[in-house]
> 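One structure is given below, represented as C-alpha cells, and several questions about it will come after.
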Amino acid sequence: MPEGHPTIAFVAADTNEARNAQVRLAHRYGNTPLDHADTVVALGGDGFLLETLHRTLKRPIPVYGMNRGSVGFLLNEFSEENLVDRVGRAQKVTLHPLRMVAIRENGERTEGLAINEVALLRETRQAAKLRITVDGVVRLPELICDGCLVATPAGSTAYNLSAHGPILPLGSSILALTPISAFRPRRWRGALLPQSARIVFDVLECSKRPVSAVGDFTEVREVVRVEVHEDRDVSLTLLFDPEHNLEERILKEQFAP
C-alpha cells in the first residue's frame, strides 16, 4: 500500500468466490492484519458483513463491504479497480445496535448485541404467548403469535420486512416492533417506537409454550423475559459508494414492485 493511504484488512466469507477475490485483492493492495488496519473490506453477503461488524466491536473501524454473496443489500458492488479511491470517498453510516438481555427461568442472564433485530420465536408447535411492555407501561397484555421482533432501521429490510414490518429510513430515530404471524389480537400489525424505547417481553405459560430469543449471533432458548433497547454507547461504521448509499437503497426498497 503506498505511503499515506489507509491500510486495509481483507476478510472473506467461506466460499470460493469470496476467497478467490480476497487473494487477488490482497496481492494487488496488500493485506494488513485486522488489529492494525484502518479499514476492513468484507467480501461476502449480508450475513458475513454482520459477522464482520461484530468482529470490529472491540476496535471499531469502518467496514466497506463488497458483494460476493447473494442478496448484498448492505454491500457495495464488487470491483477490483480503484479500491483505495473508492474507500477514500465512501460515505459513512453510523449504526447503533440493539442490546438484548435474555433471562431464563433459573435467573441466568445472557446479553448480546444485534445490528439487525432481536427476535422471539416459538420453539414448538404451540404458539407463543407474550406480554409486551414499553418504557414501563404494558402495551399488549397478551400476544398469541409465532414470535415478535424489534428491528433497527438498518435491519428493517431483513427479517422485519419478511414479517410485513415497515421499512425505516436511516436517521429516522425509530425502531420497528413487528409481530410474526400474530393470531390474537389478529388485527395488530406492530408499532413504531422511538429509538430511546425500552421494550420488555414476558413469556406467558413458558413451560407449555417455550420461546427462544435471537439477537444476530446470540441465541438463548427457553427464555422467560427479554429486555431490548438501542445501545447508543456502541457505534459501528459502514462505508458506501456515494452513488450507491444505504439511505437511497432503503428509499428505493419502499417503491419496489
Side-chain angles (χ1 to χ4, degrees), residues 1-100 111-117 152-155 157-158 170-171 215-218 230-250:
M1 185 70 64
E3 186 177 348
H5 285 281
T7 54
I8 297 175
F10 292 99
V11 295
D14 191 19
T15 65
N16 288 336
E17 189 175 22
R19 292 293 187 191
N20 290 339
Q22 181 188 33
V23 170
R24 295 194 304 272
L25 289 166
H27 177 74
R28 186 167 183 173
Y29 298 102
N31 195 5
T32 303
L34 186 61
D35 291 342
H36 302 286
D38 299 316
T39 305
V40 184
V41 172
L43 304 163
D46 286 329
F48 182 72
L49 182 68
L50 289 179
E51 181 182 328
T52 303
L53 285 167
H54 276 270
R55 290 174 65 185
T56 69
L57 283 170
K58 292 183 179 179
R59 180 177 174 264
I61 56 175
V63 177
Y64 181 91
M66 286 202 292
N67 190 14
R68 293 286 82 186
S70 51
V71 179
F73 186 82
L74 296 173
L75 297 149
N76 299 287
E77 292 181 2
F78 178 79
S79 173
E80 298 180 22
E81 304 300 321
N82 303 315
L83 182 59
V84 173
D85 291 338
R86 288 176 68 188
V87 170
R89 62 185 178 87
Q91 295 179 344
K92 295 182 179 180
V93 173
T94 300
L95 306 178
H96 300 290
L98 299 171
R99 182 168 294 278
M100 175 187 77
E111 292 195 27
L113 291 175
I115 296 164
N116 270 1
E117 77 279 317
T152 66
T157 57
L170 289 178
D216 283 0
F217 303 107
T218 303
E230 186 180 80
D231 193 334
R232 302 291 294 182
D233 293 330
V234 180
S235 298
L236 300 165
T237 302
L238 272 178
L239 299 176
F240 291 94
D241 294 330
E243 65 275 11
H244 205 47
N245 66 69
L246 183 58
E247 192 165 335
E248 175 64 18
R249 283 189 227 183
I250 289 177

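Keep in mind it's a predicted model, so treat the numbers as computed, not measured.
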> Nearest 0.5 angstrom please: R28 CZ to E80 CD, how far?
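Those atoms lie 6.5 Å apart.
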> Where do S235 and H96 come nearest, in terms of heavy atoms and distance?
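Looking at all heavy atoms of both residues, the shortest contact is OG-CE1, 3.1 Å.
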> Please name all residues satisfying side-chain contact (heavy atoms from CB on, under 4.5 Å) with F217, sequence neighbours left out, ordered by chain then number.
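side-chain contact (heavy atoms from CB on, under 4.5 Å) check on F217 returns L50, E51, H54.
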> Within a strict 4.5 Å, meaning less than it, do heavy atoms of the L83 and M66 side chains meet?
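Counting from C-beta outward, L83 and M66 do come under 4.5 Å.
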> So how far is it from L239 CG to R86 CZ, rounded to the nearest 0.5 Å?
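So the gap between those two atoms works out to 11.5 Å.
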> Check whether T39 reaches the backbone of P62 with its side chain - one donor and one acceptor, N or O, closer than 3.5 Å.
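No.
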> Report yes if the side chains of T152 and E117 come closer than 4.5 Å at any heavy-atom pair, otherwise no.
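They are not in side-chain contact.
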> Of all the heavy-atom pairs spanning A42 and F48, show the shortest one and how long it is.
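Closest approach of A42 to F48: CB-CE2, 4.1 Å.
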> Quick check: closest heavy atoms across A90 and P242, and the distance to 0.1 Å?
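Smallest heavy-atom distance, with atoms named: CA-CD, 4.4 Å.
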> Nearest 0.5 Å, what's the CG-OG1 distance between L236 and T52?
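OG1 of T52 is found 11.5 Å from CG of L236.
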> Which heavy atom of L49 sits nearest to which heavy atom of G65, and what is that distance?
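Heavy atoms of L49 and G65 come nearest at CD1-CA, 4.2 Å.
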> Quick one: are L95 and V93 in side-chain contact, heavy atoms under 4.5 Å?
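Yes, their side chains come closer than 4.5 Å.
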> As a quick check of understanding, evaluate side chain to side chain contact (heavy atoms under 4.5 Å, CB included) for D38 and V87, giving each step before the final call.
CA-CA 11 Å; D38 299 316; V87 170; over 6 Å; no
> Is a side-chain donor or acceptor of R59 paired with a backbone partner of D35 at a separation under 3.5 angstrom?
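Checking the backbone N and O of D35 against the side chain of R59, a donor-acceptor pair under 3.5 Å is found.
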> Atom CG in N67, atom CD in E17: separation rounded to 0.5 Å?
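So the CG of N67 and the CD of E17 are separated by 8.0 Å.
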> Output all residues satisfying side-chain contact (heavy atoms from CB on, under 4.5 Å) with A37, sequence neighbours left out; order by chain, then residue number.
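T7, A9, T32.
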> What heavy-atom pair brings G155 and N116 nearest, and what distance separates the two atoms?
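The pair with the smallest heavy-atom distance is CA-OD1, 3.4 Å.
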> Which residues pass the side-chain contact (heavy atoms from CB on, under 4.5 Å) test with D231, not counting sequence neighbours?
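Partners of D231 by the side-chain contact (heavy atoms from CB on, under 4.5 Å) criterion, ordered by chain and then number, come out as R99, L113, D233, V234.
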> How would you list, by chain and number, every residue that makes a salt bridge (Lys or Arg N to Asp or Glu O under 4.0 Å) with E77, sequence neighbours excluded?
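Not a single residue meets the salt bridge (Lys or Arg N to Asp or Glu O under 4.0 Å) criterion with E77.
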> So which atom in F240 and which in N76 form the shortest heavy-atom distance, rounded to 0.1 Å?
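That would be CA-OD1, 3.4 Å.
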> Please enumerate all residues that pass side-chain contact (heavy atoms from CB on, under 4.5 Å) together with D46, with sequence neighbours excluded.
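side-chain contact (heavy atoms from CB on, under 4.5 Å) check on D46 returns V71, F73, L74, L75.
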> What's the separation between atom NZ in K58 and atom CG in L34, rounded to the nearest 0.5 Å?
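Between atom NZ of K58 and atom CG of L34 there are 12.0 Å.
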> Verify, without hydrogens or angle tests, whether Y29 (side chain) and I8 (backbone) share a donor-acceptor contact under 3.5 angstrom.
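No, the answer is negative, given that no donor and acceptor are paired below the 3.5 Å cut-off.
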> List for me each residue that meets salt bridge (Lys or Arg N to Asp or Glu O under 4.0 Å) alongside R19, sequence neighbours excluded, and say none if there are none.
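So R19 forms no salt bridge (Lys or Arg N to Asp or Glu O under 4.0 Å) with any residue.
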